Amino acid sequence: MLDYSQPIDRSRSEAPQQRRSEASFNVLELVSLLWRRKIAIAAAALIGACLAVTIGKSLTPRYTATAQLYVDPRELQLVDRELTPRAQDLSGMSMMVESQARLITSNSVLLRVIEQANLDKDPEFGGGDGKSAMSSLLGLIGLQPRAPSAADVKDVQLAALDALNRHITIRKTEKSFIVDIEVWSTDPARAAMLANTLTNAYLTESRNSQALAARRATSELSGRLKELRERLRNAETVLATYKAQNNFVGTQDALISDQQLSSSNQRLSAARAATMDAQARLDQIEASRRTAADAGANAEVLQSPTIANLRAQYADARKKYAEQTAELGPRHPALRQTEKQVEDIKRVISEEVDRFAQSAKNDLTRARDFEASLNRALEAQKRQSVQLSQAAVRLRELEREVDASRDVYQSFFKRSRETEEQETLNTSATRVIGEATVPQRRSFPPAMSLFAMIGFVFGGLAAACWFVAAEHLFVGATAPEPSRRERTPEPEVSRTRPETAAPPPPLSLVEKPLIARLQEADVIRTLGAILATGGGVDLTRLGWPTLRPGFPLTTLLNALRDMRAAVARRAGGKAMPVIALVGAGETVGRSVTALNFALAAARDGSRVLMIDADHQAHTISNKVNRPGKSEPGKLGWLSIGSNAAREIKTVNGISVLPAAESDAGKATDAIRKAIAQARSAGGYDLVILDGPAMPFSAAGRKLLDSADALVAVLPTSLDINDSMEEILTALGGAERKLVGVMLDELTPAAQMRQRGKQYA
């Protein structure tokens, strides 16, 4: 531990810190105080338990009965078309169940419960026996009490409604359609009765609401049916009148005019075919008459029985003439008679064929005349059809109007009959799955053992707090206020100082330096260049132990923050205070401590400039200026002496200014000039000097004089009292600037390498 027997320890801060330590919270004193008052605290706890039990006994007990309802949003499908659409998705079903749960505590349901259970006469729900007792008293003396008015009855019902609403709790089970109805009362039987009455009233109200909705829909539809029926009748009347005016007469499929036009067209086609047949027959007869062939050699002539008979006679006469020609001479009378008979028969056949030709001519003429008459009739029907087609436009419009009116009327009429039937149907799937039973245990107040425990704990805590507060108040009132007098500094112990050191200034009051410990738990160790970032220099990748990233506030960080606050006070309001870290022993430990000091300041948002002031070892400069680590001359505008010692920006929010390659005096002047430039530019909040190294030269003392505060770094591997004595001796008059002491408890690098070998 540090020995603060030096004059620097005689500070003004000793008295305030002593008073703070005296007034601080002491757990041992608190335990001792409570132990001394244990009997009184136990008595207060017992009294609190008794009071709690007494209060619990005085409270009116409550009994809670629970009934369970299954509210299924998917109602029964009793008809094809429901009165209201059902919810299909889960969110809609959940909202419907929530709505039904709220409907249970609606005024209509609760008023029904009040009416069925006569709660308006129950003292627990706003009713009372006061009026009935007053009525009985007035009846004894022969006076009749005034009948309650409608306003009084309504007020009583409203009071009972409000009280019943407070007695009911509706709970919906998550992700289910189960609704719990809880009703409490001072009487367990009444609680169960009210819960069951409430469920029945809700189911009745639900059925009545469905019937009322169906009845209202039926009434609305029936009111529209008369108007729709009259509209359909008017449309049909207009359509019938228009058909009669425009001769739209016909069957259901087509009009008579269309049927006549189709029939005339067919008859005209048949007449044209008959005319062509008659023409062909006449042409054939005429052709056979003009040729030398037999005039009767055609189908129509051959089919005639007369022609057939004549042709038979003609054949017999020719046969007879041929026989007689062979037997008789040419002038024989019998032969001449037979020849004349043949000629006569042939003439008769020709005359008969001529009659057939004349008949064919007559048939052709008649067919042509019939065709012409049919053609004229067809033309007239065509003209009439065109006129009817123009009138059919209006006819179709009237027919569409009639069809639309008929469809609407039929739809309303059918829906009216459906809703009328739905008045008597109960499509609700809600049912009671658990009736309320008489509760055996009260729900409030809890067990008396719990009351006793709570009273015991609160009574003991109240007594303990009272004794602690009284003790502190008593001590604060009786303790004398320390007198304010200036402390006379003790004479300074003589030290051995270098011959070049200036004589120390007269001793005055200074602040006691703060102490911080840099331990292994505060840092993380990495190898050099491992996981190096490509966007710039990372000070946590130099191979040194650095503060853990994202580590919460620890004792070290709080102590470093207090040191920076002391530096700000010592700086006297300067915009950019300068702090120098000096130390005894190895230089690497001091540089590591300076780096972690800078990282802690950057973590709190400060813009830090770190300057390597060790003109002998150049520890930080060698680490930062390694090949591949940076590009001097391109990263910053601030430099020391030469372009090689130029400011280096890092990814940690810290700028590093390496040591200049020159003698100590020129390097010190360059550092002071760089600090002045940075202070005038206003780019930084804090300047941290790593060094100068001990023993201090004249240039090093000049640099310490320009610093606003100093922090001593003491490695715990050495005797810290000897190291501190050595630092104070070397500082001389600059010891007044000492604001803090950093105890470097990190394991040296050699031991870390040895440990790595052991666990390799």
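Values in this document were obtained by computation on a predicted structure and should not be read as measured data.
Side-chain contact between Asp162 and Leu158 is absent, with no heavy atoms from C-beta onward closer than 4.5 Å. Side-chain contact check for Thr64 versus Val183: every heavy-atom pair is 4.5 Å or farther apart. With contacts defined as side-chain heavy-atom distances shorter than 4.5 Å, the pair Leu69/Ile433 does not qualify. Side-chain contact between Gln100 and Val179: absent, with no pair of heavy atoms (C-beta onward) separated by less than 4.5 Å. The closest side-chain heavy-atom distance from Leu194 to Leu119 is below 4.5 Å. Residues Ile168 and Leu110 meet the side-chain proximity criterion, which asks for heavy atoms closer than 4.5 Å. At least one side-chain heavy atom of Ile181 sits less than 4.5 Å from a side-chain heavy atom of Ile170. Contact annotation: the side chain of Pro446 approaches that of Phe451 to within less than 4.5 Å [non-hydrogen atoms, C-beta and beyond].
From Glu401, atom CD reaches atom CG of Asn234 across 9.5 Å, with rounding to the nearest 0.5 Å. From Thr60, atom OG1 reaches atom CZ of Phe444 across 9.0 Å, with rounding to the nearest 0.5 Å.
The closest donor-acceptor contact from the side chain of Ser405 to the backbone of Val402 lies at 3.5 Å or more, if one exists at all. Between the side chain of Asp604 and the backbone N or O of Ser606, no donor-acceptor pair lies under 3.5 Å. The backbone N or O of Val113 lies less than 3.5 Å from no partner atom in the side chain of Thr197, so there is not a single donor-acceptor pair. Between the side chain of Asn200 and the backbone N or O of Asn196, at least one donor-acceptor pair lies under 3.5 Å. Ser416 contributes no side-chain N or O that, together with a main-chain N or O of Phe412, makes up a donor-acceptor pair within less than 3.5 Å. Under a 3.5 Å cut-off, the side chain of Ser411 and the backbone N or O of Asp407 do not form any donor-acceptor pair. Judged purely by atom type and a 3.5 angstrom limit, Glu124 uses its side chain to pair as donor or acceptor with the backbone of Thr186.
Using a 4.0 Å cut-off between charged nitrogen and carboxylate oxygen, Arg233 and Glu230 count as a salt-bridge pair. A salt bridge links Asp363 to Arg366: at least one charged side-chain nitrogen sits closer than 4.0 Å to a carboxylate oxygen. Between Arg224 and Glu227, at least one side-chain N (NZ, or NE/NH1/NH2) sits under 4.0 Å from a carboxylate O, which counts as a salt bridge. We find that Arg376 and Glu379 are not joined by a salt bridge, their nearest charged nitrogen and carboxylate oxygen being 4.0 Å or further apart.
Ring geometry for His167 versus Trp184: interplanar angle under 30°, hence parallel rather than tilted (30 to 60°).
With sequence neighbours excluded, no residue satisfies side-chain contact (heavy atoms from CB on, under 4.5 Å) with Ser219. With sequence neighbours excluded, the residues satisfying side-chain contact (heavy atoms from CB on, under 4.5 Å) with Asp403 are Arg406.
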Walk me through it: do Arg394 and Glu397 pass the test salt bridge (Lys or Arg N to Asp or Glu O under 4.0 Å)? CA-CA 5 Å; Arg394 174 61 179 169; Glu397 182 180 355; 3.5 Å; yes

